[in-house]
There are 2 protein chains.
Amino acid sequence: MAGVSIASASRVLNGHGASVETERRVREAAASVGYVPNAVARSLQAQRTDMLALAVEDIGNPVYVAMMRAIEEVAAGAGYRLQVHATGADVAGEVELLDGLARRYVDGLVISPIRITDAHLAALARVPTPVVVVGSLPDDMPTTKPIDNVRADSHTGVGLAIDHLVAGGRRRIGFVNGPLDTVPGAARQAGYLDALDAAGLPFDPELVEPADFHYAAGRAATRRLLDRAEPDAILCANDLIAVGALHALLAAGKRVGEEVALVGMDDTDLAEMSFPQLSSVSLGSAERGRLAAELLLARLAEPGRPAQRVTVAPTLVVRASSDTAAKQENP
Amino acid sequence: MAGVSIASASRVLNGHGASVETERRVREAAASVGYVPNAVARSLQAQRTDMLALAVEDIGNPVYVAMMRAIEEVAAGAGYRLQVHATGADVAGEVELLDGLARRYVDGLVISPIRITDAHLAALARVPTPVVVVGSLPDDMPTTKPIDNVRADSHTGVGLAIDHLVAGGRRRIGFVNGPLDTVPGAARQAGYLDALDAAGLPFDPELVEPADFHYAAGRAATRRLLDRAEPDAILCANDLIAVGALHALLAAGKRVGEEVALVGMDDTDLAEMSFPQLSSVSLGSAERGRLAAELLLARLAEPGRPAQRVTVAPTLVVRASSDTAAKQENP
DNA sequence: ATGAAAGCGCTAACAC
DNA sequence: GTGTTAGCGCTTTCAT
């Protein structure tokens with residue numbers, strides 16, 4: 001403290017107008033002592049932490065990595081820092097996290113639960129802090145709290161893939177899905193059945209094999225599928241599964257893209273980095289992350305605004321794994 | 001407030017001993033009002049935030065993903081939350097982050113700069129908060145602040161790969177490296193030269209091609225390499241480059257693992273998910289992350305302890321891309 | 001323009 | 001065991 005009141009110092013440091021002389025003295029003193037304001041004290045007074053949180057099942061999954069990257073970018077751009085939580089898809093943990101928001105250690109949360117239970121909904125109904133959910137919230141959400149919601153459209157996405165495969169002459173389209181009791185697993189299953197139906201193709205249970213959303217499971221499931229059926233195409237519920245499927249197919253000596261077409265979902269970096277490169281349905285993970293972050297910032301700026309529900313349209317990215325023409329010059 | 005003093009309430013809620021009656025009344029009141037303590041206020045008083053930060057170039061790079069996962073796990077296990085920062089390898093930004101620690105919004109930082117400049121060292125010398133650096137700090141670090149340091153041993157790692165390739169009969173070993181002005185790039189280059197030397201192999205500049213540490217660059221660089229030379233093996237400075245190289249090789253019709261052996265570095269998930277699966281030198285990214293987090297926690301517990309410098313030993317994981325025998329039944 | 005003082009929500013001494 | 005009080009470091013009325 002060199003000369004002026006503590007209040008004046010605060011004013012100068014926050015650019016709230018002070019005389020030239022005061023300003024000089026304060027800055028000088030601050031520089032000489034190496035003064036840096038304490039963020040925690042400031043947060044306590046300001047009632048905001050300038051921090052956002054992201055909770056996903058696994059911060060190593062490429063889909064969430066893409067989402068996290070996008071969110072971090074938006075957050076950093078707006079002066080917010082990002083806190084990450086790996087939930088391991090544990091419901092109790094997710095609910096605890098939601099309830100923990102009452103401690104006010106972050107200003108807002110983006111959460112992408114792989115399953116959405118009643119416990120989640122109950123917790124969401126009592127959070128005191130803005131939350132945006134990535135994933136499909138039930139339509140009959142109680143409107144006590146405005147919870148913003150960003151969703152993918154897997155159902156349509158699966159349709160895009162099936163239509164593409166059918167157009168390429170494929171008729172026996174296998175499907176390696178994730179767990180049916182997850183939000184994406186259920187949606188993709190429904191999409192598969194509806195798309196077959198729309199294409200006039202019969203449903204053959206032999207062609208469907210459940211897995212979980214990871215590489216090893218995808219590979220094992222595809223191996224089982226190949227053992228008992230002869231698909232001329234395989235659709236996978238995400239890229240991790242698809243890469244597993246690719247291995248199973250290659251190991252079985254199949255020419256991927258010709259004998260058997262392969263399509264993944266999420267269009268992660270993996271799709272481009274496989275050989276042959278994988279066709280994949282983009283569900284816009286980065287885009288969803290970006291939107292989620294923006295919705296959160298918007299609500300922070302205007303807490304009273306009505307709850308938004310935005311859906312990102314899927315797009316199909318065709319690459320060599322399902323495109324005989326491209327195969328020649330792959331990738 | 002129902003009945004007792006504010007201090008008693010605090011005691012009950014923190015389990016600091018109170019009479020049965022007081023305890024009951026406090027808990028009851030707290031429950032009925034839905035009271036939750038404010039983390040920011042608590043932090044201000046406790047002078048700690050229970051939060052750690054991680055700063056890496058790109059939170060989407062598989063190496064850093066593995067590191068982040070490990071750190072998040074250790075941090076969460078010890079009751080700390082994790083904040084992530086993507087620096088984009090921007091020196092000014094990294095220094096700003098380091099200086100920002102004086103704001104005390106986190107209790108400690110793990111930073112993994114891809115380049116370490118004098119500005120970094122200067123900033124490190126004045127941080128008021130524990131920092132552990134992942135990557136090689138100069139040996140003549142001023143010891144004013146105890147900065148813990150976790151390092152990989154790329155030099156030895158490259159040697160492992162070269163020895164393995166030589167043992168497999170390879171003689172013309174190409175090398176696709178990252179930028180030479182980065183810490184890992186420089187170390188790997190030196191390792192390559194020394195290993196060739198130790199193996200009695202001549203150095204042929206034609207066999208070395210620079211790239212940056214990403215897929216596309218790796219693929220392009222490998223293409224250039226193949227245009228002018230005929231390597232019987234290629235070592236890549238990381239797995240991203242190696243996957244790019246794999247594509248270039250396959251697209252050129254090379255039988256990978258036979259005609260040309262391929263070895264990556266970092267042993268990320270990508271190595272296992274490629275086909276053929278990639279041999280890769282593990283530099284222990286997850287392990288380094290774990291160690292970094294543990295060193296940070298240890299210093300938080302005992303600020304005065306001497307600076308630690310730990311090096312994680314590399315290991316070679318041999319897979320089909322460099323092993324003809326395995327190739328048969330790959331993967 | 002500046003200083004005094006209150007207060008953000010909490011915990012820890014220090015009496016009683 | 002419990003209440004009173006000070007204080008963590010800051011911003012912001014409110015006077016002057």
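If you're wondering where the values come from, they're calculated on a predicted model, not measured in any experiment. Note on naming: letters A, B, ... go to the chains in the order of the sequence lines (proteins, then strands), and numbering restarts at 1 for each one.
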Between A:Glu21 and A:Arg24, is there a salt bridge with N-O shorter than 4.0 Å?
yes
Distances under 3.5 Å between protein N/O atoms and the N/O atoms of nucleotides 7-9 of chain C, please, pair by pair.
residue: C:dG7; atom: N2; partner: A:Gln45; partner atom: OE1; Å: 3.2
residue: C:dC8; atom: O3'; partner: A:Gln47; partner atom: NE2; Å: 3.3
residue: C:dG9; atom: OP1; partner: A:Gln47; partner atom: NE2; Å: 3.2
residue: C:dG9; atom: N2; partner: B:Ala41; partner atom: O; Å: 3.4

The side-chain hydrogen bond (donor to acceptor under 3.5 Å, both in side chains) partners of B:Glu73 (sequence neighbours excluded) come to none
Axis-to-axis angle for the helix from C:dA1-D:dT16 to C:dC16-D:dG1, ends of five pairs each, to 10°, equals 40°
Start and end of the DNA chain D segment that chain B contacts, any atom under 4.0 Å from a heavy atom
D:dG1 to D:dG9
Roughly how far apart are B:Met67 CE and B:Arg288 CZ, rounded to 0.5 Å?
4.0 Å
Can you pull every protein N or O that's under 3.5 Å from an N or O on nucleotides 13-16 of chain C?
residue: C:dA13; atom: N6; partner: B:Arg11; partner atom: NH2; Å: 3.2

Taking side-chain hydrogen bond (donor to acceptor under 3.5 Å, both in side chains) as the test, write out the residues that go with A:Arg290, two or more places apart.
A:Glu287, A:Glu294
Need one value for A:Ser10: base, sugar-phosphate or nothing, where a base atom within 4.0 Å counts as base even if backbone is also close, heavy atoms only.
base
Contacts satisfying salt bridge (Lys or Arg N to Asp or Glu O under 4.0 Å) that involve residues 135-144 of chain B (not counting sequence neighbours) are B:Asp139-B:Arg309
Hey, could you give me each pair passing salt bridge (Lys or Arg N to Asp or Glu O under 4.0 Å) that has a residue in residues 35-44 of chain A? Not counting sequence neighbours.
none
For residues A:Val106 and A:Leu101, determine if any side-chain heavy atom of one lies less than 4.5 Å from a side-chain heavy atom of the other.
yes
More than 12 heavy atoms from other groups under 6.0 Å of CD on B:Glu28:
yes
B:Ile6 CD1 - C:dT11 C1' separation (whole Å):
10 Å
State which residues pass side-chain hydrogen bond (donor to acceptor under 3.5 Å, both in side chains) with B:Glu302; sequence neighbours excluded, sorted by chain then number.
none
Show which side-chain atoms of residues 120-138 of chain B pair as donor or acceptor with protein atoms under 3.5 Å away, not counting sequence neighbours.
residue: B:His120; atom: ND1; partner: B:Thr117; partner atom: N; Å: 2.9
residue: B:His120; atom: ND1; partner: B:Thr117; partner atom: OG1; Å: 2.8
residue: B:His120; atom: NE2; partner: B:Glu94; partner atom: OE1; Å: 2.5
residue: B:Arg126; atom: NE; partner: B:Asp99; partner atom: OD1; Å: 2.9
residue: B:Arg126; atom: NH2; partner: B:Asp99; partner atom: OD1; Å: 3.4
residue: B:Arg126; atom: NH2; partner: B:Asp99; partner atom: OD2; Å: 3.1

Can you list everything that forms a side-chain hydrogen bond (donor to acceptor under 3.5 Å, both in side chains) with A:Thr268? Sequence neighbours excluded, please.
A:Asp239
Does the A:Asp107 side chain pair with the main chain of A:Asp50, one donor and one acceptor, at a distance under 3.5 Å?
yes
Inter- and intrachain pairs under side-chain hydrogen bond (donor to acceptor under 3.5 Å, both in side chains), touching residues 52-64 of chain B, at least two apart:
A:Arg69-B:Asp58
Once you apply a heavy-atom cut-off of 4.0 Å, does A:Thr22 come out as touching a base, just sugar-phosphate, or nothing?
sugar-phosphate
